[in-house]
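Okay, so here's the structure we're looking at.
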There are 4 protein chains.
Amino acid sequence: MPVKKVDRRTVIKESLTVFRQKGYHNATMSDIAVACGLLKGSIYHYFSSKEELMKAVIQYLHEWYKREVFALAYDTGKSGAQKLEELAAISEQIFYQEPGGCLMANIGMETANTYPEFAELIKGFFEEWIAALAFIFEEFFDSQKARSIAELSVGEIEGAVMLMQVYQDKGYLKRAHQHIKQRFIAAEAAATEKA
Amino acid sequence: MPVKKVDRRTVIKESLTVFRQKGYHNATMSDIAVACGLLKGSIYHYFSSKEELMKAVIQYLHEWYKREVFALAYDTGKSGAQKLEELAAISEQIFYQEPGGCLMANIGMETANTYPEFAELIKGFFEEWIAALAFIFEEFFDSQKARSIAELSVGEIEGAVMLMQVYQDKGYLKRAHQHIKQRFIAAEAAATEKA
Amino acid sequence: MPVKKVDRRTVIKESLTVFRQKGYHNATMSDIAVACGLLKGSIYHYFSSKEELMKAVIQYLHEWYKREVFALAYDTGKSGAQKLEELAAISEQIFYQEPGGCLMANIGMETANTYPEFAELIKGFFEEWIAALAFIFEEFFDSQKARSIAELSVGEIEGAVMLMQVYQDKGYLKRAHQHIKQRFIAAEAAATEKA
Amino acid sequence: MPVKKVDRRTVIKESLTVFRQKGYHNATMSDIAVACGLLKGSIYHYFSSKEELMKAVIQYLHEWYKREVFALAYDTGKSGAQKLEELAAISEQIFYQEPGGCLMANIGMETANTYPEFAELIKGFFEEWIAALAFIFEEFFDSQKARSIAELSVGEIEGAVMLMQVYQDKGYLKRAHQHIKQRFIAAEAAATEKA
DNA sequence: GATGAATGAGACTTCATTCAT
DNA sequence: GATGAATGAAGTCTCATTCAT
C-alpha cells in the first residue's frame with residue numbers, strides 16, 4: 001500500500017480542486033475528505049472550520065501565483081513582450097489543465113456579498129496580479145495608465161475564463177491573451193517610432 | 001388571515017434579487033419566501049423546485065435584457081457610438097443600482113461545472129449579448145472580427161463587474177465601457193480617414 | 001366537451017381506485033382530485049377530510065359487495081356449488097380487472113394498528129362476507145363448522161390475492177377458489193353417500 | 001453528552017417494529033429515531049434513505065425467518081407432523097407477541113403497486129416459505145401438488161393474520177394452523193392405509 | 001360548486017461540526 | 001493523527017386543509 005501522505009498542504013491542495021469545481025457552498029466537507037482520502041471528521045485536525053479551510057486555500061493559491069506566475073513580471077532578464085508571452089503560456093496551461101475555471105473569480109463572485117473575509121483575501125490576489133501587469137506596461141505608459149491597462153487586462157482574462165466555462169470553448173482565453181499582447185506590441189512600436 | 005396575491009412574476013423578480021446577492025446554493029427557499037412575503041412552502045405553488053425557479057429567473061432576466069437592452073443595438077435611428085453610449089449607460093445604471101453584480105456571471109461561475117442546464121441557459125444570454133455588440137461593430141469590421149471584438153467586450157465588462165464586486169469600486173465598469181467606446185471611435189476615425 | 005358529472009358518488013368511485021392502488025397514506029388528495037378531474041380544494045365540498053373520504057369509500061365498497069356479490073349467496077334458486085362458482089367468477093373478474101388487489105385488505109393491513117375507525121368498518125365488510133359463505137356451507141355443516149370454514153375460505157382468498165400481487169401471478173386466486181369449491185363438493189358427496 | 005453506540009443491527013430491529021405497526025408511509029424517520037434513541041438525522045449514518053432502511057429491514061427479517069423458522073422444515077430428525085407443529089408454534093409465538101401482524105404482508109400490500117423493489121424482496125421471502133412447506137408436503141404428495149398445497153397454506157396463514165388484525169382475535173391464526181396440520185395428517189393416514 | 005393561492009405543520013434529507021475511542 | 005458515531009440546525013419539499021373570490 002502506498003503510504004498516504006496526508007498533511008496540511010495535501011488537504012489544501014485537494015480542497016482547492018474541489019472548491020474550484022464545485023464552489024464554496026456546494027462543496028461539502030465530505031467531498032473534500034474523500035478527495036484527501038480521509039474521513040469527514042479528520043479534516044478538523046488541520047482546519048477548525050470550512051471557512052478557515054477556504055481561507056487557507058485562497059492564501060495558498062495566492063502564494064503559489066506570486067511565486068510561480070507573478071514573479072515572472074519582475075524578471076529583469078526578459079523583455080516585456082517575452083514576459084507577457086510567458087504569462088499567457090502559463091496561464092493557459094493552468095486553465096486548460098485544471099477544470100473549473102478560476103477559483104479566485106468563482107469564489108469571489110459566489111461569496112462577494114456574503115463573506116467579506118474571502119473577498120478581502122481575493123482582492124489581495126487581484127491586487128498583486130494587476131500590479132505585476134502594470135509593472136510591465138510601465139515600460140511604455142505612465143504609472144496611472146499602466147495600472148488602468150493592467151486592470152482592464154485582468155478583467156479581459158477573467159471575463160474570457162468565464163465565457164470559456166459557459167461555452168466550454170477554450171478559444172476565448174487564447175484570444176484575450178493575444179489581444180493583451182498586441183496592445184503591448186502596438187505601444188512598443190509607437191514608442192520606438194517616436195524615438 | 002389576509003390573502004395576499006403574489007403572482008409568479010413577483011416570485012421571479014424577488015428571487016432574482018436574492019439569487020444575485022447570495023448565489024444559488026447560499027440562497028434558501030426561506031430567503032426567497034421572505035422576500036416575497038410568503039411562507040417557504042408557498043413558492044412550490046408556482047415552481048416545482050429550487051432548480052426550476054432558478055431556471056425561470058434566468059429566462060426572465062434573459063428576456064428582460066433582450067427587450068430592454070440588447071434591442072438598443074438594432075435601433076436603426078442611432079449611430080454606433082450613440083448605441084454604445086446608451087448601452088453603457090443602461091448597463092451602469094443596472095449594475096450600480098442593484099447590488100450583487102451580474103446574476104448571469106455569478107450563477108454561471110458558481111454552477112458551470114455542476115448544473116449544465118443552467119449553463120446552457122446562461123450561454124443563450126451571452127450569445128445574444130455578443131450578437132448585439134457584434135452587430136454594432138460590423139459597421140467598421142468584417143463579421144468575424146466584429147464577433148471577436150464583441151466577445152472581448154463582453155469579457156471586459158464581466159471582468160470589470162467581478163473586480164467591481166471584489167474591490168467594491170464602481171470605477172472598473174466605467175473604465176471598461178470607456179475602453180469599448182474608444183475602440184469603436186478609433187475604428188470609425190480610421191474608416192473615415194481612409195475614405 | 002363531455003359534461004363532467006362530478007358528484008359525491010364519482011369522487012368516491014375515483015378515490016376507491018386511487019386508494020386501492022396507492023394505499024391510504026401514499027395517496028394524496030391531489031392524486032384523487034386529478035382522478036376526479038377536479039382541483040385539490042374541491043374535494044372538500046364533498047368530504048370534510050381525507051379520513052372521512054376513506055371511510056365513505058369503505059362504506060361504498062361494502063354496500064356494493066353486499067348488493068352485487070354477497071347477495072348471490074342467499075339466492076334461493078341456486079345450488080351451493082352454483083353459488084360458489086358464481087362468487088368465484090365475479091370475484092376473479094373484479095380482482096383481475098382492477099389492479100391493486102383488495103382495497104379492504106390493503107387498507108386494513110396498512111391502518112389496522114393506527115386507525116381503529118377504518119378497522120371497524122372493514123371488519124363489518126369481512127363479517128358479511130364470512131356470513132354469506134357460512135350460509136352456503138350450512139347446507140352440509142353445522143353452524144359453527146360452517147362459520148369456521150367460511151373464515152378459512154375468506155382467509156384463503158385474501159392470502160391468495162396478496163400472493164397474486166406480490167408474485168404478479170393470477171393463478172393464486174384461481175387455485176384458492178378451486179380449493180374452496182372442491183371442499184364443498186366433497187362435503188356434498190359425503191352427505192349424499194351417507195343418505 | 002453521553003455517546004451511545006447504536007449499531008446498524010439495532011436500527012434495523014427497532015425499525016422493524018415501527019414499520020410493522022405503522023406501515024411504511026405512516027412511519028416517520030423521527031418515529032424510528034425515537035425508537036432507536038437517536039436523532040432523526042443520525043439514522044442516515046447507516047442508511048442513505050428511508051427506502052434503503054426498509055429494504056434492509058425486509059432482508060434482515062427474511063434472513064431471520066430462514067435461520068429460525070424455515071430451517072425447521074428441513075430438519076431430518078423430525079416427522080412432517082412434528083415439523084408442522086413446531087412451525088405453527090413458533091409462528092403463533094411471533095404473531096401473538098409482536099403486535100402489528102406480518103411485516104411482509106403489511107408492507108407488501110401497502111407498496112406492491114408503487115415500490116417494485118420492495119415487492120421483489122418480499123417475493124423472495126414468500127418463495128422460501130412456500131418452498132419450506134412444500135418440502136414437508138412432498139412426503140405424501142408429488143412435487144407439483146406439494147407446491148400447490150404450500151402456496152395455499154401460506155395464503156391461509158396470511159389471510160388469517162389479516163383477519164386476526166382486523167378482528168383483534170387470535171383464534172383465526174390458530175384455526176388456520178390446525179387446518180394445515182389436519183390436511184397433512186389426513187394425507188398421511190391415506191398413504192398409510194394404502195400401504 | 002369550483003377555484004387556486006396560501007398556509008403551516010411536518011416529512012425526508014444534508015451537512016458542518018463535535019468527541020470518545 | 002485518525003476514526004466514525006452522533007448531533008442539531010437547517011435545507012428542500014410535500015400535503016391536508018382553508019378560504020376569498
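Order of the sequence lines fixes the chain letters, A, B, ..., with proteins taken first and strands second; residue numbering starts at 1 for each chain.
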Calculate the interatomic distance between [X] atom [atom1] and [N] atom [atom2]; express it in whole Å.
X: C:Asp31; N: F:dT14; atom1: CG; atom2: P; result: 12 Å
X: D:Glu52; N: E:dC12; atom1: CD; atom2: P; result: 15 Å
X: B:Asp7; N: E:dT3; atom1: CG; atom2: P; result: 21 Å
X: A:Lys40; N: F:dG1; atom1: NZ; atom2: C1'; result: 19 Å
X: D:Met29; N: E:dT13; atom1: CE; atom2: P; result: 6 Å

Validation row: [X], [Y] side chains within 4.5 angstrom (heavy atoms):
X: D:Thr17; Y: D:Gln21; answer: yes
X: A:His62; Y: A:Met104; answer: yes
X: B:Arg20; Y: B:Asn106; answer: yes

- request: Apply the test side chain to side chain contact (heavy atoms under 4.5 Å, CB included) to residues D:Met54 and D:Phe47: give CA-CA distance (whole Å), side-chain angles for both, the deciding distance (0.1 Å), then the verdict.
  value: CA-CA 9 Å; D:Met54 181 79 260; D:Phe47 302 95; over 6 Å; no

- request: Applying salt bridge (charged side-chain N to carboxylate O under 4.0 Å, His left out), name anything that partners D:Glu117, two or more places apart in sequence or on another chain.
  value: D:Lys55

message: Applying side-chain hydrogen bond (donor to acceptor under 3.5 Å, both in side chains) as the test, list every pair that has at least one member in residues 40-50 of chain C; sequence neighbours left out.
response: none

- prompt: Nearest nucleotide by nearest heavy atom, which residue falls closer to the 5' end of DNA chain E, D:His25 or C:Leu39?
  reply: C:Leu39

query: Got a sec? Which of residues 42-51 of chain B come in under 4.0 Å of DNA chain E, heavy atoms?
result: B:Ser42, B:His45, B:Tyr46

task: Begin with the C-alpha distance, continue with both residues' side-chain angles, and end with the deciding distance and a verdict on side chain to side chain contact (heavy atoms under 4.5 Å, CB included) for A:Lys13 and A:Arg9.
output: CA-CA 6 Å; A:Lys13 285 165 80 170; A:Arg9 196 180 194 75; 4.2 Å; yes

field: Of C:Asn26 and A:Gly41, the one whose closest DNA chain F nucleotide lies more 5'
entry: A:Gly41

Hey, can you pull the donor-acceptor pairs under 3.5 Å for the side chains in residues 27-39 of chain B, sequence neighbours left out?
residue	atom	partner	partner atom	Å
B:Thr28	OG1	B:Ser30	N	3.3
B:Thr28	OG1	B:Asp31	N	2.9
B:Thr28	OG1	B:Asp31	OD1	3.4
B:Thr28	OG1	B:Asp31	OD2	3.3
B:Asp31	OD2	B:Lys22	NZ	3.1
B:Asp31	OD2	B:Thr28	N	3.0

- prompt: Can you list the stems that DNA chain E is part of, where a stem is at least 3 pairs in a row, each Watson-Crick or G-U, with both distances below 3.5 Å?
  reply: E:2-21 with F:2-21

- request: If a pair satisfies ring pair (Phe, Tyr, Trp, His ring centres under 6.0 Å) and one of its residues is in residues 17-40 of chain A, list it, with sequence neighbours excluded.
  value: A:Phe19-A:Tyr24, A:Tyr24-A:Tyr115, A:Tyr24-A:Phe118, A:His25-A:Tyr115

- prompt: If you look at every strand shown and take non-hydrogen atoms under 4.0 Å, does D:Ala27 touch a base, only sugar-phosphate, or nothing?
  reply: sugar-phosphate

- prompt: Side chain of D:Leu38: nearest nucleotide among F:dA6, F:dA16, E:dA16?
  reply: F:dA6

